[in-house]
Number of protein chains: 2
Amino acid sequence: MRKARIKAGNLKRKVDITLKANAPREVNTEKVAQILQGAMQEFLVHGYAGTSMDRVAGTAGVSKATVYSYFEDKEALFVALVERLAQTEFQMIFDDKLIQGKPEDVLRRIARSLLNEIFSNPDYLTFMRLMIGESGRFPNLAKTFINNITKPAIERLTHYLENCPELKVPDPEASARIFLSSLVHHIQLQEAMYAKEIIPIESDRIINTLIYLLLGKKE
Amino acid sequence: MRKARIKAGNLKRKVDITLKANAPREVNTEKVAQILQGAMQEFLVHGYAGTSMDRVAGTAGVSKATVYSYFEDKEALFVALVERLAQTEFQMIFDDKLIQGKPEDVLRRIARSLLNEIFSNPDYLTFMRLMIGESGRFPNLAKTFINNITKPAIERLTHYLENCPELKVPDPEASARIFLSSLVHHIQLQEAMYAKEIIPIESDRIINTLIYLLLGKKE
DNA sequence: GTCTATAGATCGATAGAC
DNA sequence: GTCTATCGATCTATAGAC
């Protein structure tokens with residue numbers, strides 16, 4: 001419980017002198033949160049290699065030595081940050097109330113909710129960029145992203161498509177992936193890669209066409 | 001013609017002493033190609049910030065000073081490399097002979113061709129990763145990518161869907177984007193982000209479902 | 001035209017004062 | 001527990017020999 005050194009194993013031999021601890025040590029979690037906040041600002045914008053620990057410390061408002069007292073090294077800080085973001089900050093799972101009503105409305109709500117979540121939070125886009133950009137050098141972080149964000153979304157939509165009596169898709173899982181991939185990649189192109197300045201298109205056309213293809217309904 | 005300093009403007013005042021040039025100066029283009037080859041290996045793997053000019057020079061088999069004699073700085077080298085790759089190396093445009101025959105066969109050929117191009121060249125995946133990862137810091141390179149690779153593919157498939165009498169999609173452009181985005185993002189997840197180890201799926205299921213959705217045909 | 005050698009800045013990480 | 005000061009390595013970029 002003491003000395004919240006991340007990157008378990010290889011801990012300093014501070015062993016069992018936990019007795020006689022001084023004061024309630026709730027300040028630590030504040031400092032950790034402060035550091036992670038600074039780390040997020042820097043890593044999201046400049047990437048792993050482009051971020052210096054000096055700037056992280058500066059943005060966090062602490063000294064560099066303090067950063068190193070909570071995180072073993074730069075890589076451990078980066079991993080801790082990304083895992084936290086993937087587990088708590090950025091989610092793509094849709095609420096229960098979204099999947100009620102006519103299939104057409106449900107699919108449109110899901111699509112709009114997904115796009116809105118990304119649009120309303122600028123960091124979301126940057127986080128996706130970071131994950132893809134660093135996936136070659138941090139495969140485990142990419143897998144964390146898949147496990148916590150991509151997988152639940154696919155499974156949830158697949159389950160809905162499977163159990164929706166109105167629509168008869170031969171392969172619900174493939175259909176779910178197509179639905180989500182189209183939307184995510186659409187945002188990736190239009191917003192993250194500035195395609196909206198070159199080959200613009202309204203998101204609603206993508207949504208409407210997806211719904212039309214899945215339901216065979218004109219609208 | 002002499003002194004192929006990239007990043008025009010700000011040229012060294014070597015002006016017009018082009019007379020009395022020594023020997024046929026075809027060696028320069030070789031050196032440039034050599035440097036770009038080394039730069040590709042390094043930048044594709046380590047990203048922009050993660051790549052050092054020392055390593056570029058080493059991999060290219062020349063001295064660092066030679067690199068700087070052909071490219072003004074690290075950024076100019078990176079931009080020159082990416083523009084060259086986007087214009088010549090990596091293409092996603094489909095051959096004319098792909099779009100002949102039954103729509104179902106055409107769409108399947110296009111999809112297979114796209115996936116095969118990415119699968120057969122490991123650098124393609126890394127290049128996509130690099131473009132997305134650096135798009136925040138190099139917006140113009142992202143636009144080059146869109147202009148040279150994404151835009152032609154979308155336009156080509158849109159044109160085919162528009163003029164194909166057998167299939168009646170209400171929005172050919174949106175349909176074309178959905179078709180391509182599904183495939184590209186599928187590869188991005190499965191291969192670049194290791195989703196195939198967590199939520200595997202055969203590419204043919206994606207392809208078949210896309211064709212089914214567009215044609216309304218069971219297969 | 002290409003090299004070696006090096007300048008000057010910044011990097012990750014730590015020692016020691018308080 | 002947090003700071004300042006600093007180390008050694010590495011970075012971009014260049015000067016000068018040949």
Side-chain angles (χ1 to χ4, degrees), chain A residues 1-7 10 12 14 17-18 20-35 38-39 42-43 46-81 137, chain B residues 1-7 10-14 17-18 20-35 38-39 42-43 46-81 137:
Chain A
M1 188 70 171
R2 270 179 57 78
K3 195 66 175 179
R5 250 185 192 264
I6 320 299
K7 193 169 187 178
N10 214 340
K12 287 280 169 61
K14 198 72 171 296
I17 323 185
T18 326
K20 202 183 165 185
N22 42 353
R25 190 158 305 284
E26 303 306 323
V27 190
N28 285 357
T29 58
E30 271 184 42
K31 273 280 157 57
V32 169
Q34 221 178 93
I35 294 170
E42 294 300 321
F43 280 126
H46 302 102
Y48 179 76
T51 293
S52 75
M53 294 296 266
D54 281 273
R55 292 177 57 90
V56 168
T59 305
V62 299
S63 79
K64 195 162 53 167
T66 300
V67 175
Y68 276 99
S69 78
Y70 288 98
F71 299 92
E72 192 172 12
D73 53 20
K74 184 183 178 183
E75 185 171 325
L77 171 60
F78 183 65
V79 170
L81 170 72
R137 292 169 286 276
Chain B
M1 188 70 171
R2 269 178 59 77
K3 197 65 174 175
R5 254 187 190 262
I6 321 298
K7 196 170 187 179
N10 215 341
L11 292 183
K12 287 280 169 62
R13 285 301 141 74
K14 198 73 172 296
I17 323 185
T18 325
K20 202 183 166 186
N22 42 354
R25 191 156 304 285
E26 304 308 320
V27 190
N28 284 356
T29 59
E30 270 185 43
K31 273 279 157 58
V32 168
Q34 220 177 95
I35 294 170
E42 294 300 321
F43 280 125
H46 302 102
Y48 178 75
T51 293
S52 75
M53 293 296 266
D54 281 273
R55 291 178 58 90
V56 169
T59 305
V62 300
S63 78
K64 195 163 50 168
T66 299
V67 176
Y68 277 99
S69 80
Y70 287 98
F71 299 92
E72 191 172 15
D73 53 20
K74 184 184 177 183
E75 185 172 326
L77 171 60
F78 183 64
V79 170
L81 170 72
R137 292 170 286 276

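Here is how names work: the chains are called A, B, and so on, in the same order as the sequence lines, proteins then strands, and each is numbered from 1.
Computed from coordinates, the B:Glu42 CD to D:dC11 C1' distance equals 14 Å when rounded to whole Å. Remark: P of C:dC11 and NE2 of A:His46 are 11 Å apart, rounded to the nearest angstrom. Taking atom CZ of A:Phe71 as the reference point, atom C1' of C:dG12 lies 16 Å away to the nearest angstrom. Following rounding to the nearest Å, A:Lys31 (NZ) and D:dT2 (C1') show an atom-to-atom distance of 7 Å. C:dT2 atom C1' lies 12 Å from atom CD of B:Gln34, rounded to whole Å. Distance, A:Tyr68 OH to D:dC7 C1': 13 Å, rounded to whole Å.
B:Tyr70 has a side-chain polar atom (N or O) that falls below the 4.0 Å cut-off from OP1 or OP2 of C:dT2. In this model, the phosphate group of D:dC11 is approached by a side-chain N or O of B:Ser52 to a distance below 4.0 Å at OP1 or OP2.
Residues passing the side chain to side chain contact (heavy atoms under 4.5 Å, CB included) test with A:Thr59, sequence neighbours excluded: A:Gln41, A:Glu42. A search for side chain to side chain contact (heavy atoms under 4.5 Å, CB included) contacts involving A:Lys74 returns A:Phe43, A:Tyr48, A:Met53, not counting sequence neighbours. Looking at residues two or more places apart in sequence or on another chain, you find a side chain to side chain contact (heavy atoms under 4.5 Å, CB included) between A:Val79 and A:Glu75, A:Glu83, A:Leu141. By the side-chain hydrogen bond (donor to acceptor under 3.5 Å, both in side chains) test, B:Thr66 pairs with B:Ser63, sequence neighbours left out.
Considering OG1 of B:Thr29 and OH of B:Tyr70, their distance stands at 8.5 Å, rounded to 0.5 Å.
Residue B:Thr66 is the one, among A:Ala49 and B:Thr66, whose nearest nucleotide of DNA chain C lies closer to the 5' end (criterion: closest heavy atom).
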Hey, what are the protein-to-nucleotides 4-8 of chain C N/O distances that come in under 3.5 Å?
none

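The shortest heavy-atom contact between A:Phe71 and A:Ala80 is CE2-CB, 3.8 Å.
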